[in-house]
Amino acid sequence: MTVDEILEMWKKDSPIDEIELDTTSMDTAKLHGKYLELLTVAKLQLKRLNLKIASLKKDKWLYYTGKMTKEEMDEKGWAYDPFNGGTKPLKGDMDYYYDSDADIQAFVAKIEYQQTLVETLEEIMNNIRWRHSTIKNIIDWRKFTSGN
């Protein structure tokens, strides 16, 4: 699921029906279950991405240090010379290559997006967690304004 899809779902699910507060209150458990499932799946996907980037970084290390075989490079579709004919950089300069590597950058972008998805779902869950207080405040305000 995308962040936009989740936000669109939340726009539909978040309104509190001020006429039927009892129904809205009872629906809180359903909302909790729905978004808890989405949050759990999103967190697991984030963990998988973090494990995959660790493997990608190891492969890129093998590639940039010249320890990867030509067969492995062919399998991954990587060029045989990571430095395009230039001189091999010093060990301390390798971070520049890792940081600018298109494959690693694309993976980092996926991880950042998934992290944003998780944070969005956590915010929604926090809102659901305190929904009963909002409903109680509406009821208390109505009591106050009606003179009770």
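These numbers come from a predicted model, not from an experiment.
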Hey, what do you get for [atom1] ([X]) to [atom2] ([Y]), rounding to the nearest 0.5 Å?
{"X": "D17", "Y": "S25", "atom1": "CG", "atom2": "OG", "value": "12.0 Å"}
{"X": "L39", "Y": "T120", "atom1": "CG", "atom2": "OG1", "value": "10.5 Å"}
{"X": "N126", "Y": "L121", "atom1": "CG", "atom2": "CG", "value": "12.5 Å"}
{"X": "T24", "Y": "I138", "atom1": "OG1", "atom2": "CD1", "value": "8.0 Å"}
{"X": "E5", "Y": "L117", "atom1": "CD", "atom2": "CG", "value": "9.5 Å"}
{"X": "H132", "Y": "L21", "atom1": "NE2", "atom2": "CG", "value": "14.0 Å"}

Please determine whether residues M94 and M68 belong to a single hydrophobic cluster, defined as Ile, Leu, Val, Met, Phe, Trp and Tyr linked transitively by side-chain heavy-atom distances below 4.5 Å.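 M94 and M68: one cluster.
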Would you say Y113 and V41 are hydrophobically clustered, going by side-chain heavy atoms of ILVMFWY under 4.5 Å?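 Y113 does not cluster with V41.
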Would a 4.5 Å heavy-atom cut-off, applied to side chains only, mark [X] and [Y] as touching?
{"X": "M9", "Y": "L38", "answer": "yes"}
{"X": "T23", "Y": "D27", "answer": "yes"}
{"X": "I124", "Y": "I6", "answer": "yes"}
{"X": "M125", "Y": "R129", "answer": "yes"}
{"X": "K67", "Y": "W61", "answer": "yes"}

Taking [X] for its side chain and [Y] for its backbone only, find out whether a donor-acceptor pair lies under 3.5 Å.
{"X": "R142", "Y": "N137", "result": "no"}
{"X": "Y63", "Y": "W78", "result": "no"}
{"X": "Q115", "Y": "L46", "result": "no"}
{"X": "Q114", "Y": "A42", "result": "yes"}
{"X": "Y35", "Y": "I128", "result": "no"}
{"X": "D101", "Y": "I104", "result": "yes"}

In terms of side-chain geometry, is the basic nitrogen of [X] or [Y] positioned less than 4.0 Å from the acidic oxygen of its partner?
{"X": "K43", "Y": "E122", "value": "yes"}
{"X": "K136", "Y": "D140", "value": "yes"}
{"X": "D103", "Y": "K76", "value": "no"}

K110 charged N/C atom sitting above F107 aromatic ring, 6.0 Å / 45°: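 Positive - K110 is close enough to the ring of F107 and near enough to its axis.
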Can you see whether Y98 has K60 sitting over its ring - NZ or CZ less than 6.0 Å from the centre and within 45° of the normal?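 Because its charged atom misses either the 6.0 Å distance or the 45° angle limit, K60 does not stack over Y98.
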Chi angles and distances behind the side chain to side chain contact (heavy atoms under 4.5 Å, CB included) call for N50, K47: CA-CA 5 Å; N50 282 320; K47 286 181 185 199; 5.7 Å; no
Please check if any side-chain donor atom of W10 sits under 3.5 Å from a side-chain acceptor atom of N127, or the reverse.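 The answer is no; no qualifying pair exists.
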Check whether the side chains of E72 and T69 place a donor and an acceptor atom closer than 3.5 Å, and report yes or no.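 A donor-acceptor contact under 3.5 Å links the two side chains.
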Specify the closest pair of heavy atoms between R131 and I16, including all atoms of both residues, with the distance to one decimal.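 Smallest interatomic distance, heavy atoms only, reads NH2-CG1, 3.6 Å.
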Determine the interplanar angle of the Y64 and Y97 rings, folded into 0 to 90°, and report it as parallel if under 30°, tilted if 30 to 60°, perpendicular if over 60°.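 The arrangement is tilted - the two ring planes meet at 30° to 60°.
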Mind telling me whether W141 and F144 have parallel, tilted or perpendicular rings, with 30° and 60° as the class edges?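 Tilted, since the angle between the ring planes falls between 30° and 60°.
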Does atom NZ of K34 have more than 12 heavy-atom neighbours from other groups under 6.0 Å away?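 Yes, NZ of K34 has more than 12 neighbouring heavy atoms, counting only those of other groups under 6.0 Å.
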